[in-house]
Amino acid sequence: MSMPESNQRLLTYVDALREAVAQEMRLDPRVFVFGLDVDDHKAIQGSTRGLLDEFGPERVFGTPLSEDAMTGVAIGAAMAGMRPIHVHIRMDFLMLAMNQLVNIAAKSHYMYDGQVRVPLVVRSMIGKSWGQGAQHSQGLHAMFMHVPGLKVVAPSNAHDAKGCMIAAIRDDNPVIFVEHRLLYSTDALVPEEAFEVPFGKARITMPGKDITIVGISNMMMECLRAHELLAEQGIEAEVIDPISLMPLDIDTIRKSAGRTGRLLVVDNAWTSCGASAEIIAGVAEALDGGRPIHMRRMGYAPTTCPTTPVLEDAFYPNAATIAGAAHAMVRPDKTWQPDPERAKLAYQVKFRGPF
Amino acid sequence: MGLERTEAVVPIIDLARIYRSLRLIRRAEEEVARIYPSDKIKSPVHLSIGQEAIAVGVCDALRPEDVVSPTYRGHAAYLAKGGSLKLMMAELYGKVTGVAGGKGGSMHLIEMGHNVLGASAVVGTTIPVALGYALALKRAREPRVVAVFFGDGATEEGVFSESLNFAALQKLPVVFVCENNFYAIHTPIPKRWATQRLCERVATYGIPTHHIDDGDPLKIRDVVADAAARMRGGDGGPVFIECRTYRWREHVGPNEDFDAGYRRRADLEPWLAGDQVEIIGRRLPPGERAAIDAAIERELAEAVDFAETSPFPQREALYTHVYAGK
Ligand SMILES: Cc1ncc(C[n+]2csc(CCOP(=O)(O)OP(=O)(O)O)c2C)c(N)n1
Ligand SMILES: [Mg+2]
């Protein structure tokens, strides 16, 4: 990931989230964490574990099932100078908070001519597998990317989870923080001290010359595995993690695609009006008569997410389908499909439901 | 007092029917819990074990043409309303023969043929949908009622209060059934409500309320039967019933969770002692009870066999039903 530093250690995504919040809470008394079930023994899959003990119930508290009102409460507290972190165990539940987020949080600083700020972090997790189905699996980040005033970040590894969380807490704007359930157990080298991963800066995770592959959120894991499968075929894919979706570092992606001549964007969401559409459009607009780039999007099938595993498998892109699509772009004259069994990621084999 | 009265007047045939339904739900969910560790059911399961009597009491007062709206903790309401056990089991297995073709799983049961509306995994979302169904029935002058189930936690969502107001305003034929099991996941009511006076709150909307604290399905049935009779085709308007109950297993999953520390096993004891499956069962002649039990075991074995031997959907099924019609 980042440059090796002396004080880095392997940390899981979930522990990175927890550590980031704890460190900022120690530094800044204005930061507080609330939301359904943040203070129970399961602690949002462990991501809020220990916070209640260390910071007490005034700074770490559960709420009634009232997402709409609680979002308004978070906004009001933020306007009054606090820095709330509002937690949702699934991104699907943000739909109940949409009015407050879109009509108040996103707009207040602008429509009140800068007199108020809304430094709010809205954490939510995208679910997958084990029958999560229609209403517990949606990646809805594009809905928020659409609205000026909101920032949207989707870290794909423990390092960025910590750095983005700290940057989000310190940001003076509402930040939609997109997590993924299946990333929670993945680990990466993470610095011990507090650090920020700046928004609006993509990372070239793997350099390559044949095709540019952009992976969003959990799809980054699948893209990295696809990169390995493609390497075995002699194809060097350049893999890019946008990390932050709004602001979006279109420049890094555009330059890479300009070098490789091919761009495949893989989102953990639908493609229609999605982050992948936005990235492709951004690159296309910047072409400006230059060398044409072969572009393609992948994402959820254009259906609702089914629960049964056979259909769910067909619903998501995976390392095998991504590698297959990339291969077809690089070598349109040859057909090749990787063995889907070999394409599986270690953490997918390990994961057991229900939550 | 009420109990003695009902004991005296309830015919054996009613007791047998109610017992059969209670026992079927209990055994079906115990079977789900038994199978669960095999990973054949890849679906989050929210079991109603301990809470069956509410759905059974409500549904026993309803007619086949009446409608129920269950929650994600919905096996009980689905089965009590006559939903097929076989089709439910196949759904949990993700098979094409399931009630939703394997696309919905345990949290999204539906069976329109038995007037069971679809369940949602987003808490509270089905409450106004049930009202809309009732509005349509009322406009059509149909003498049918809609019973909508939801938990204590769901009453905290704004949509609950908005729905109460509208149902009262429009005098909709709706039976609001709150299954108050004292917890929303692991959070007890005192951490979520400033007072426990739920019925009082609801009454201010102009809705008659009842609370039934022991889970007696016969009391629940009587209250619903009275209310439904007032509503059918007329202007009776909604009723609200708070049924206290207790979830014996974990919030989601097949196990007990008294070791988690958020509630005490001792709190379960009175509910075990007041287990309605047992209480109603004991009122039946032993031979009759044994025959019902044996029939349920056969039905259960058939349902599991049906689920196990049914095929998974074909991959093309992913694309069906995204839009209706052409
Ligand atoms: C809108 C929404 N918020 C949060 C959740 C997560 N969640 C699932 S069940 C549940 C508790 C619901 O409690 P209650 O209504 O009392 O029903 P019970 O599970 O006790 O039957 C919560 C918070 C959800 N599914 N939907
Ligand atoms: Mg409850």
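The basis for the numbers below is simple: all heavy atoms, side chains too, and nothing from hydrogens, waters or symmetry mates. Letters go in sequence order (proteins before strands), and every chain restarts at 1.
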How far apart are the closest heavy atoms of A/Leu65 and B/Ala184, and which atoms are they? CD1-CB, 3.6 Å
What are the two closest non-hydrogen atoms of B/Pro44 and A/Gln132, and how far apart are they? CG-NE2, 4.1 Å
To the nearest 0.5 Å, how far apart are CZ in B/Phe312 and CG in A/Leu311? 10.0 Å
Distance-only, no hydrogens or angles: does the A/Thr307 side chain make a donor-acceptor pair with backbone N or O of B/Lys103 under 3.5 Å? yes
Among residues 117-128 of chain B, which ones touch chain A with a heavy-atom distance under 4.5 Å? B/Ser120, B/Ala121, B/Val122, B/Val123
Is there a side-chain contact between A/Val310 and B/Pro313, using heavy atoms and a 4.5 Å cut-off? yes
B/Gln314, part contacting chain A, at a heavy-atom distance under 4.5 Å: backbone
How close do B/Met107 and A/Gly131 get, heavy atom to heavy atom, and via which atoms? CE-O, 4.0 Å
So, taking the atom named CD1 in B/Ile41 and the one named CH2 in A/Trp130, what distance separates them when rounded to the nearest 0.5 Å? 11.0 Å
Is a side-chain donor or acceptor of A/Ser66 paired with a backbone partner of B/Glu157 at a separation under 3.5 angstrom? no
Please classify the contact of A/Ala314 with chain B as side chain, backbone, both or neither, using a heavy-atom distance under 4.5 Å. both
Between B/Glu316, B/Glu156, B/Lys191, B/Lys95, which shows the greatest number of heavy-atom pairs under 4.5 Å with chain A? B/Glu156
Could you tell me which portion of B/His321 (side chain, backbone, both or neither) has an atom closer than 4.5 angstrom to a non-hydrogen atom of chain A? neither
Determine the interplanar angle of the B/Tyr262 and A/His41 rings, folded into 0 to 90°, and report it as parallel if under 30°, tilted if 30 to 60°, perpendicular if over 60°. parallel
Extract all donor-acceptor atom pairs below 3.5 Å that involve side chains of residues 91-107 of chain A and protein atoms in other chains or at least two apart in sequence.
from, atom 1, to, atom 2, distance (Å)
A/Asp92, OD1, A/Ser137, N, 3.4
A/Asp92, OD2, A/His136, N, 3.3
A/Asp92, OD2, A/Ser137, N, 3.3
A/Asp92, OD2, A/Gln138, N, 3.3
A/Asp92, OD2, A/Gln138, NE2, 2.8
A/Asn99, OD1, A/Asn103, ND2, 2.8
A/Lys107, NZ, A/Val102, O, 2.8

Considering only heavy atoms and a distance below 4.5 Å, find which of B/Gly105, B/Gly94, B/Gly102, B/Gly98 pairs most often with chain A. B/Gly102
Bottom line for A/Glu312: the part with an atom under 4.5 Å from chain B's heavy atoms is neither
Non-hydrogen atoms of chain B under 4.5 Å away: do they reach the side chain of A/Asp40, the backbone, both or neither? side chain
If you measure from CZ on B/Arg192 to OG1 on A/Thr63, what distance do you get to the nearest 0.5 Å? 10.0 Å
What's the separation between atom CD1 in B/Ile185 and atom CG in A/Asp37, rounded to the nearest 0.5 Å? 4.0 Å
